[in-house]
Enquirer: 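Handing you this structure, nothing more for now.
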Amino acid sequence: MAAPRTQRQKEIRRHLWIYGALTPYVFIAVFPIYWMVITAFKQDPDLYRMDVFPLWFHLPPTTKNFTYLFTNTNYADWVINTMTIAAWVAVITLVTAVPAGYALARLRIPGSENLGIAIFMTYLVPAIILFIPLSRVVAMLGLQDEWWSLVVVYPTFTIPFCTWLLMGFFKTVPMEMEEAARVDGCGYWGALLRIVLPVSLPGILTAVIFAFTLSMQDFLYGLAFVAPGDQKPVTVGVPTELIRGDVFFWGSLMAAALMVGLPVAILYNFFLDRFIQGITGGVGK
Amino acid sequence: MSEGQHSGGPDAVGARAAAVSVVSSTRPSGWFRSQTSRRLAFGYLLLAPAVLYVLLLVGAPFLFSIYLALSDANVGDPVASFVGLENFRAALESDVFYIALRNSILFTVVAAIFKGLLGTTLAFLLLQPFRGKKLIRGLVVIPFTLPITISVLSWKWMYDSQFSVINWFLSRLGLIGSYGSPDWPIWLGEPYLALSACIIVNVWRTFPFSAIVLLAGFTSVPNEILDAARVDGTSFFQRFRYVVVPMIAPILLIGFLFDTVFTLSDLSIVYLLTQGGPANATKILPVLAYQIGIQAGALGRGAAIALFLFPLLLPLMILMLRNLKRRED
Amino acid sequence: MSDPQPVQTDHASVSRRRFLKIAGGGVAGSSLLTMLEARQAPAQIRGTTLRILQWSHFIPAYDAWYDKFAKEWGDKNGVKVRVDHIPHLEIPARMAAEFAAGSGHDIIYNGSSILTRLYYKNLVDLSDVADAAGKKYGGWIPSARTLVEVEGRFYGLPLFYILLPMLYRKDLFDANNLKAPDTWELARVAARTLKPKGHPTGIQLSQCADANLNWRSLFFSFGGQEADASGENILIDSKELREALRFSKALFDEGMTAEVFSWDDASDNRFLASGVGCWIHDAISAYRTTEDTNPPVFKNTVIALEPQGPGGKRVSVAAPNVWMVWKFSKNQQAAKEFLAHLIDNDIEGMNQSRGYNMPYLNDRYQKPMPVIGTDPKMQILQDFPKIVAFYGHPGPSTTPIQEVVNTFVFPDIFTKVARGESIDAAVKWGVGEYRRIYAKHKRP
């Protein structure tokens, strides 16, 4: 009949309109990835040519760049290091930021406002200054040139923001729930562990994801503290060992980028819903 | 819907300043006092790990960096003498410093504008219900999840003076001349183009995050309020301006602050793309500080440059955060 | 160093090398060689560890050889050796971190950015190793000392330097009746002729290491000087600089495109390899890249001597590479032994780097030199050592020179002029920057 058809037409038109509007965004976001894929599979002579369509192959694609990564560099080590570092940093961040966030949000500590601001201020101290005294600290701990040094250092930039994030989440937990739990004899610990934490799980997950991705955004600390090839994280290994003297090994660079970037993106995607939910403080639509 | 209470509910949005919520209670004072001390003890205990971490690993080095900025330290010299504000004065006397300051501010402001625009429009689009939303959302977030050095290097290849795929497209589309003509943009070689190129990479990396945060904010506004506003006959934009924005202001502010500070102190993008060139067109304060402090070894002067923005940003930050507090009260 | 060592003359080792090369072939032969040349180190370093930090050589095969070389020496002497590689640009940051930490590697390397003078109070005096090598191999070339000498002592061991010769496309030159670019003027004419035909030239007008090197070569060949022999006085404010700037502006306008403003150290490599460039002034890394990615262009690429300036002078600025030992190293003895061993085999290093690494010791220049002596196209490189110079020429590479180099002041002057600023304004700016930097490094 006429009525349902116009309704569907409207729907389709609306969808087309939205897809159309979204295309530039998706294109901008995704094109560099496509370019990385093509470059990773191209042979070198195919790369340095200007006369042909660059978005497809002219010499047959090759996996040489990928195998180069595994035979000539410590790529596998780098990836494992990066993931392990990120996991540990997430753990440390949780253990410090969750209690701190809760304390600042709920426990009415005197001066908590200023403390909150002070914690955020740490971001104003740039890494190019910090890395020198920190290298002394790292050496004192005996962690120089091991990836553990990064596990110690990265929380300096994940903890402040995650504390703030978690402060927001904890404030959204209804006070009545906590009070009730405390009155019931749980005490402060019980209220925290049994009531608040489970309810703020989305927020906590958000903080975890954030800490995880933040720890892959560093370059300077990794460079300064870790020199041995097999101890480097991927973010340091790729720019330092795939650029030699004045020669960029573009094919392998892109292959390296792909293999670590895509899985992380996919993983992130799984948590994206939680992330969004988390930011809103668990309040659904 | 009452607006006075602060116990969760409608004000539930992300990170915001610590608020001192007033609990109306009618407990006997003696019991309250011991309650208070227990509460405080618990609080300090919980705070201890984070505070200690930050104090030891950021606070102490920060004090050390102030010492450096006030001394004539060199990288290889264990003994440095106090020179007062000499390093800051020297910085103010050099041309390059002003260029770097200007570039830093320009970079941050322009990037913020674009991130705001792109992020907001994308968030609006993602608000609509449509099929495949999850997939699109996942794709759009990719720039943010890639490790920074890796994505910057990909862009470097895309900006290459000879083999730039961007230029290849633009010239095939007839928008620019072919290779060798004066129309062929040398992204990393022309001063304003180079700065734009760096800004583009920064915006590309973070606009998905802005969009997601905004999206989260939008979805957190309860439907009742929106419906009430709709019933009142407001337009979409009016609702947006007068209802939604004030409610999500806290998270907008925090996101904005975080992003601003990160952009101002980020070294990686410019370092890997242009090293501050061409002719200082992209030299921003962190890059200048790194070149002088580390690569040339003049630690004291490098520290002074790096810390320069601190006294400017600090009051700004405090002001904004206090403002946030006031909004909640 | 008072260890007994077999006396070797260069001649004998060369023929032995050649024999083993033919007999043993490639890497296998060279490891036999290193065994032969290794001296027996004293027993007290057995059981210790040695950590070395150096750059990622653009020729991966060199790093592979180097790591193996170090390991073999270590095995022979009972020392556990570990070699780490990071890009040469990042080494200053790493040095600052290690110094602040008071621990790190034992042997550390500097390439291009030589910071020996900055850190010399914390580096081991290597004069004994350096003097022994000098005595054995005919002495150090003059510029070697200026890099690492403080108060008459060697605080670092220069191992090799990297040349930036002229690389040009003989086929394009011949097809257009152009003479080989033996002078800068001829080079300019060639670029002017070939640019309209789609083959411009390019020299970086940006902030990168090659820009620092190339434009100084031009300037010094025009008779200019950066600082005097004492290193204290700046000499760039001269008519030679103005002449060089006038020339560079003409060269840029007539023979280059604006893309050189965005070039980094690798861009001219790609430029040549793509077949577009008619000539470039670059390290032979470009030659090797072209060999690997564009054989037809490679066949027609010729290496030439540094062009003469108008006064007939040729000066080629090279990128130095120096090894140092931290004072906080717990294994200084092994470090010195290893460095002595390394300098004994610098010729092998030259081999393994496909002719890239140029030695600092006079005897090594006996022809034919490895790789460059036997490859007819590369023989001209053997004539470079007579004309080689380093930053700060004719003065030493002092700390203020280092800062000038690291903030790219010198190439910036040329960039400004190419962009249209008046020569006087650009020179005034440049000299002002030099003076400011020099003033800062004067301690009361």
Side-chain angles (χ1 to χ4, degrees), chain B residues 61 64 72 74-79 81 86-87 90 93-96 156 159-164 167 178-191 193-194 197 271-283 287-288 290-302, chain C residues 89-97 99-100 113 115-123 195 198 200 202 204-208 211 257-264 267 270-271 274 276 399-400 402-409 411-412 415-416 418-419 429 432-433 436-437 439-441 443-444:
Chain B
F64 178 68
D72 62 356
N74 259 354
V75 264
D77 217 324
V79 176
S81 40
E86 172 64 29
N87 290 330
E93 279 183 358
S94 93
D95 288 344
V96 186
K156 192 175 168 82
Y159 282 139
D160 187 77
S161 62
Q162 249 191 306
F163 300 104
S164 162
N167 284 2
S178 59
Y179 174 66
S181 76
D183 260 357
W184 179 269
I186 312 292
W187 289 99
L188 302 177
E190 301 286 326
L193 274 186
Y271 186 75
L272 287 173
L273 280 183
T274 60
Q275 289 260 318
N280 294 327
T282 56
K283 192 151 289 186
V287 173
L288 183 65
Y290 184 77
Q291 279 179 344
I292 294 201
I294 305 298
Q295 288 183 328
L299 261 190
R301 282 186 285 131
Chain C
L89 283 180
E90 320 298 354
I91 301 230
R94 181 71 210 190
M95 279 187 87
F99 174 67
S113 221
L115 303 172
T116 311
R117 285 160 184 275
L118 213 49
Y119 287 103
Y120 79 94
K121 292 197 194 118
N122 308 286
L123 297 172
K195 177 177 169 186
Q204 293 92 341
L205 278 168
S206 60
Q207 301 199 334
C208 62
T257 64
E259 66 176 295
V260 298
F261 292 120
S262 74
W263 276 12
D264 58 21
S267 306
R270 293 200 281 277
F271 192 58
S274 70
V276 171
T399 325
Q402 267 314 121
E403 180 165 345
V404 162
V405 166
N406 283 314
T407 45
F408 305 102
V409 178
D412 274 353
T415 306
K416 282 173 183 288
R419 282 208 177 280
W429 173 84
E433 288 293 299
R436 209 177 40 81
I437 291 174
K440 293 214 171 95
H441 286 273
R443 295 278 193 90

Enquirer: Rounded at 0.5 Å granularity, tell me how far CD in C/Gln207 sits from OG1 in B/Thr282.
Expert: 7.5 Å
Enquirer: Return the CH2 to CD distance between B/Trp187 and C/Glu259, rounded to the nearest 0.5 Å.
Expert: 15.0 Å
Enquirer: Of the backbone (N, CA, C, O) and the side chain (C-beta and beyond), which part of C/Phe271 lies under 4.5 Å from a heavy atom of chain B, both, or neither?
Expert: both
Enquirer: Considering all heavy atoms of both residues, which atom of B/Gln291 and which atom of C/Asn406 are nearest to each other, and what is their separation?
Expert: CD-O, 4.1 Å
Enquirer: Checking heavy atoms, do the side chain of B/Phe64, its backbone, both or neither come under 4.5 Å from chain C?
Expert: neither
Enquirer: Tell me, for B/Tyr290 versus chain C, whether the close heavy atoms (under 4.5 Å) come from the side chain, the backbone, both or neither.
Expert: side chain
Enquirer: Report the distance from atom OG1 of B/Thr274 to atom CZ of C/Phe261, rounding to the nearest 0.5 Å.
Expert: 15.0 Å
